[in-house]
Amino acid sequence: MAKNTLVICIALVCMTLITSVPKTKAVSCMQVVQQLTPCISYVENGGAVSPQCCNGIRTLLSLAPARQDRQTVCTCIKNAIRGINFNQNTLNLAAGLPSKCRVNIPYQISPSVDCARWQTATKI
């Protein structure tokens, strides 16, 4: 039940963002949701990160080669997190996903990240 609620909340936040993001962007918030949906179980419950989750993170990184695209992905994730009442443990699990998947992403997964300042991939 909580998983369905989480997916619905992320989808609603992203649908709102899609209407406010210019159509010239190569990556959409809906794509972000699609790629990160396999990560929901880990973020809610902990345990092992699924290969599908890590593949989704890698796919998002490849979909966002330009700075503007990376900022779009970052903003979509940030707003989805802000739109859902996560506890600190859930936020910590979400923030640790790139490291668990051995993926370098150019921003932190956090509701307070400044997406405008991230330009290149960070080293994990």
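In this chain, numbering begins with 1 at the start of the sequence shown. Reckoned from all heavy atoms, side chains included, excluding hydrogens, waters and symmetry mates.
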Review point. Taking the side chain as C-beta and beyond, is there a heavy-atom pair between S41 and V43 under 4.5 Å?
Key: no
Review point. Is the closest side-chain heavy-atom distance between K78 and T75 below 4.5 Å?
Key: no
Point to revise | 4.5 Å side-chain heavy-atom contact, C54 and I57 | key: no
Review point. Taking side chain as C-beta onward, heavy atoms only, is Y107 less than 4.5 Å from V73?
Key: yes
Review point. If you measure from CD on Q34 to SG on C29, what distance do you get to the nearest 0.5 Å?
Key: 11.5 Å
**Study point:** Side-chain donor/acceptor of Q71 to backbone N/O of A116, under 3.5 Å
**Key:** yes
Point to revise | Beyond-backbone contact of L91 with P111, side-chain heavy atoms, under 4.5 angstrom | key: yes
Point to revise | Min side-chain heavy-atom separation P98-I109 under 4.5 Å | key: yes
Review point. Any sub-3.5 Å donor-acceptor pair from R70's side-chain atoms to P106's backbone N or O?
Key: no
Practice item. Check whether any side-chain N or O of S99 sits under 3.5 Å from a backbone N or O of G96 as a donor-acceptor pair, and report yes or no. Key: no
Study note, to complete from the structure: To the nearest 0.5 Å, atom CD1 of I40 lies from atom OG1 of T90 at 12.0 Å
Review point. In Å, rounded to the nearest 0.5 Å, how long is the span from CG of L60 to SG of C74?
Key: 11.5 Å
**Study point:** Distance (rounded to the nearest 0.5 Å) between N104 CG and R58 CZ
**Key:** 10.5 Å
Review point. Do K100 and Y42 have side chains that get closer than 4.5 Å, going by heavy atoms?
Key: yes
Exercise for review: Would you tell me whether C101 and C53 have their SG atoms within less than 2.5 Å of each other?
Suggested key: no
Check your understanding: Where the side chain of Q35 meets the backbone of V32, is there a donor-acceptor pair that is under 3.5 Å apart?
Key -> no
Practice item. Hey, could you give me the CG/CG distance between L93 and N87, rounded to the nearest 0.5 Å? Key: 8.5 Å
Review point. If you measure only the distance, is there a donor-acceptor pair under 3.5 Å linking the side chains of T72 and D69?
Key: no
**Study point:** Interatomic distance, T59 atom OG1 to Q52 atom CD [nearest 0.5 angstrom]
**Key:** 11.5 Å
